[in-house]
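Note sheet for the following structure.
One-based numbering, in listed order, for ligands and for the atoms of each. Throughout, residue positions are numbered sequentially from 1 according to the sequence presented. Atom set for the values below is all heavy atoms of this structure, side chains included, hydrogens, waters and symmetry mates excluded.
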Amino acid sequence: MMTTNEDSSKWWQQAVVYQVYPQSFQDSNHDGIGDLNGIINKLPYLKKLGVDVLWLNPIYKSPQVDNGYDISNYYELNSDYGTLDDFKHLLDEAHQNEIKIILDLVVNHTSDQHEWFKQSKKSHDNEFANYYIWKDPGENGELPNNWGATFGGPAWTYVPERKQYYLHSFAPEQPELNWEEPKLRAAIYKMMRYWLEFGVDGFRMDVISLISKRQDFPDADDSYAYSKRYYAGASNGPRVHEFLQEMNREVLRNFNTLTVGETPNTNSDQAILYTDVDRHELNMVFNFDHMHIDYGKRGKFDNKRFNLVDLKRVFTEWQDKLSDRGWNSLYWSNHDQPRAVTRFGSEKYRIESAKTLGTVLHMLKGTPYIFQGEELGMTDAKFDLLADYQDIETKNIIDLYQQEGLPEDYIKEVAYLRSRDNARTPMPWTSESPYAGFSDVRPWIKMNPNYPEINVADALKNKTSVFYHYQKLIALRHELPVIVEGKYTLYDADNEDVFTFTRTANDGTMLLVIASFSESVLTYSVPEKLVGNQQWQVLLDSSASEIDFNSQLTLQPYQSIVFMTTN
Ligand code: TEU
Ligand code: CA
């Protein structure tokens with residue numbers, strides 16, 4: 001439960017958000033698909049964890065080409081998840097438990113099955129003609145430009161009915177909306193008002209940095225990966241801030257919302273423009289820079305391991321740039337990313353590294369996001385077969401790499417390390433086979449085979465589990481203003497094994513975070529400036545070891561300690 005600070009309109013600065021991937025959270029009606037009533041069943045668990053907000057991935061009507069990010073009706077729910085009454089019941093139950101709910105707003109594109117698109121493709125001048133981005137072919141039928149799409153192939157598909165191409169930055173089934181069209185923007189704002197008046201507490205806004213395109217639709221230079229060439233003309237475009245300030249005037253400022261923009265291809269300077277409170281756009285954005293430090297020559301699907309110095313550099317850039325203007329979101333993983341323990345921690349020291357990843361993230365300045373299962377220390381999922389992967393992105397990469405003749409074991413390795421399906425395996429509620437309390441019928445996607453060792457029931461029984469460490473981190477954020485407001489300072493930037501930073505409140509209270517990212521026992525020399533005039537006491541230690549502050553600390557593998565000043 002959050003303490004109230006002087007400015008309750010900024011409640012989202014003290015909040016901790018928990019991301020629920022509805023189809024993989026809990027199946028209440030025995031069809032193998034998670035649903036809204038399943039979330040209601042688990043509200044007591046979320047309340048116990050102490051989170052303040054739930055972010056639900058899209059629950060609207062969708063053909064599920066991209067797991068709901070292809071919406072065919074913004075006002076109807078995916079019947080697999082339940083009815084509007086079920087959602088109203090979930091909202092009421094959550095609110096009674098002082099938990100808010102934000103929805104995923106996917107308004108850069110719709111499904112090609114949306115009525116708007118069905119009408120738009122029919123004619124150049126009906127009501128919906130300009131709701132999407134249509135371009136004539138070149139003299140010999142050439143594509144409008146050289147952009148590729150995220151999930152493979154060109155970003156343009158030809159429609160004979162209309163004798164034009166339409167733009168799609170993701171799948172062909174996800175036609176791009178034309179935000180230049182005022183009627184489209186008005187229709188989006190109307191829909192947003194509907195959900196906010198329904199009782200929703202805000203939105204996570206899918207690829208919102210893409211909604212304004214450069215109207216000359218320029219070719220991308222070949223520095224862009226083919227599948228990301230749309231970034232050249234479609235990210236942080238000329239009118240993106242105009243549109244968001246209009247959205248704020250027309251909708252958001254009339255409600256007490258949490259808004260977080262997903263802003264691919266956006267740097268920390270640009271992020272300030274989206275999140276500076278004086279600009280009346282969004283509360284915060286998701287940064288991608290720390291998601292790219294382990295990208296290889298082929299981008300995400302590579303087996304390159306991140307290094308800690310790069311990670312510290314990226315976190316420090318965003319902490320410093322947004323320390324006074326704007327606000328950071330903080331996350332290790334989500335439904336698009338592999339599991340944090342495998343990617344940034346250690347499967348050998350799974351519990352220790354899960355706790356330390358939690359400590360580092362939750363002691364930074366910003367709003368932390370917990371992806372479902374992260375609080376259990378879940379790892380990536382060792383699927384037996386490439387055919388077990390369901391995600392359109394992973395399947396297209398597997399096809400591409402097989403066409404390139406890459407070795408099967410390399411393809412399996414990068415799928416294991418980077419597939420979005422790692423995050424989408426069903427939530428393991430118990431150790432019972434075969435479906436760990438998620439469902440009593442075969443789920444839509446394979447379980448992570450390690451659910452007998454990693455599941456909620458066992459975590460709740462074990463007072464030293466990752467769950468209780470996350471519970472403490474969330475409670476500390478609600479109790480200590482220094483965690484919400486304190487100024488971040490990095491120390492020992494070049495240390496390749498240890499992440500050391502402080503947070504300093506206006507009243508002088510300081511936190512000192514020392515976190516090992518090493519599988520070895522380390523003797524760590526605390527930076528000179530932190531030894532001497534402060535009296536440090538242990539606030540939170542990821543290991544059970546009795547530790548007192550001194551200038552030479554022995555750190556166990558992946559041990560993290562938070563000290564707080566007593567003077
Ligand atoms: O993701 C946008 C995005 O940038 C992703 O393509 C991400 O970079 C990629 O998946 C990393 O591998 C949003 C949604 O979060 C994602 O689930 C959707 O597939 C995508 O938009 C299209 O809506
Ligand atoms: Ca179900």
task: Using the side-chain contact (heavy atoms from CB on, under 4.5 Å) rule, pick out the option among Met427, Met447, Gln372 that qualifies with Ser24.
output: Gln372
- prompt: Of the non-hydrogen atoms in Tyr470 and Gly358, which two are nearest, and what is the gap between them?
  reply: OH-CA, 3.5 Å
- request: Considering heavy atoms of the protein only, find what lies nearest to atom 8 (O) of ligand 1 and give residue, atom and distance to 0.1 Å.
  value: Lys228 NZ, 3.9 Å
- request: Take every heavy atom of Arg204, measure it against each atom of ligand 1, and state whether any distance is under 4.0 Å.
  value: yes
Under 3.5 Å: donor-acceptor pair, side chain of Asn283, backbone of Val260: no
query: Among the N, O or S atoms that Asp27 has, which is closest to the Ca ion (ligand 2)?
result: OD1
query: Side chain of Tyr230, backbone of Ala149: donor and acceptor closer than 3.5 Å?
result: no
- prompt: Among protein heavy atoms, which lies nearest atom 10 (O) of ligand 1, and at what distance?
  reply: Arg420 NH1, 3.1 Å
statement: Scanning both residues in full, the closest heavy-atom pair of Ile293 with Asn307 reads CD1-O, 4.4 Å
message: To check your reading of the model: name the closest protein heavy atom to atom 4 (O) of ligand 1, its residue, and the distance in Å.
response: Pro264 CG, 3.7 Å
- line: Looking only at protein heavy atoms, what sits closest to atom 6 (O) of ligand 1 is Phe170 CE2, 3.5 Å
- line: Quick look: Arg418 vs ligand 1, heavy-atom contacts under 4.0 Å, and the answer is neither
Donor-acceptor pair, side chain of Trp444 and main chain of Gln23, under 3.5 angstrom: yes
- request: Show which atoms of ligand 1 fall inside a sub-4.0 Å distance from at least one heavy-atom site of Tyr69.
  value: 14 (C), 17 (O), 18 (C), 23 (O)
message: Contact between ligand 1 and Val207 is defined here as a heavy atom of the residue under 4.0 Å from a ligand atom; is it met?
response: yes
message: Under a 3.5 Å distance rule, please check whether Ser209 uses its side chain to pair with a backbone N or O of Val207 as donor and acceptor.
response: no
task: Tell me which one of His168, Met291, Gln337, Glu262 gets a heavy atom nearest to atom 3 (C) of ligand 1.
output: Glu262
task: Among all protein heavy atoms, pick the one closest to atom 22 (C) of ligand 1 and tell me residue, atom and distance.
output: Asp66 OD2, 3.5 Å
query: Name of the Asp35 N, O or S atom nearest the Ca ion (ligand 2)?
result: OD2
Charged tip of Lys183 within 45° of Tyr131 ring normal and under 6.0 Å: no
statement: atom 21 (O) of ligand 1 has as its nearest protein heavy atom Asp206 OD1, 3.0 Å
Ligand-side contact atoms (ligand 1) for residue partner Thr150, heavy atom cut-off under 4.0 Å: 6 (O)
task: Measure from the Ca ion (ligand 2) to every N/O/S atom of Asp31 and report the name of the nearest one.
output: OD1
task: Output the list of atoms in ligand 1 that are nearer than 4.0 Å to some heavy atom of His109, sorted by atom number.
output: 22 (C), 23 (O)
query: Is the distance from the Ca ion (ligand 2) to the nearest N/O/S atom of Gly32 under 3.0 Å?
result: no
query: What's the verdict on ring-ring contact (aromatic ring centres under 6.0 Å, His included) for His290 and Phe306, showing C-alpha distance, side-chain angles and the deciding distance?
result: CA-CA 9 Å; His290 61 313; Phe306 86 103; over 10 Å; no
- line: The atoms of ligand 1 lying under 4.0 Å from a heavy atom of His335, numbered in the order shown, are 14 (C), 15 (O), 16 (C), 17 (O)
field: the Ca ion (ligand 2) contact by Ser28, N, O or S atom under 3.0 Å
entry: no
query: Using 4.0 Å as the upper bound for N to carboxylate O, is an ion pair formed by Lys321 and Asp269?
result: yes
query: Are Lys42 and Trp429 in a cation-pi contact, defined as NZ or CZ under 6.0 Å from the six-membered ring centre and within 45° of the axis?
result: yes
query: For atom 11 (C) of ligand 1, which protein heavy atom lies nearest, and how many Å away is it?
result: Lys300 NZ, 3.4 Å
field: Part of Phe151 within contact of ligand 1 (heavy atoms, under 4.0 Å)
entry: side chain
Identity and distance of the protein heavy atom lying nearest atom 15 (O) of ligand 1: Asp336 OD2, 2.4 Å
- request: Using the ring of Tyr369 (Phe, Tyr or Trp, six-membered ring only), decide whether Arg204 places NZ or CZ under 6.0 Å from its centre and within 45 degrees of its axis.
  value: no
message: Is there a polar contact, in the sense of an N or O pair closer than 3.5 Å, between Tyr231 and ligand 1?
response: no
query: the Ca ion (ligand 2) to Asp80: any N/O/S contact under 3.0 Å?
result: no
message: Can you give me the closest heavy-atom contact between Thr430 and Ala457, atom names plus distance?
response: CA-CB, 4.1 Å
Donor-acceptor pair, side chain of Asn422 and main chain of Ala381, under 3.5 angstrom: yes
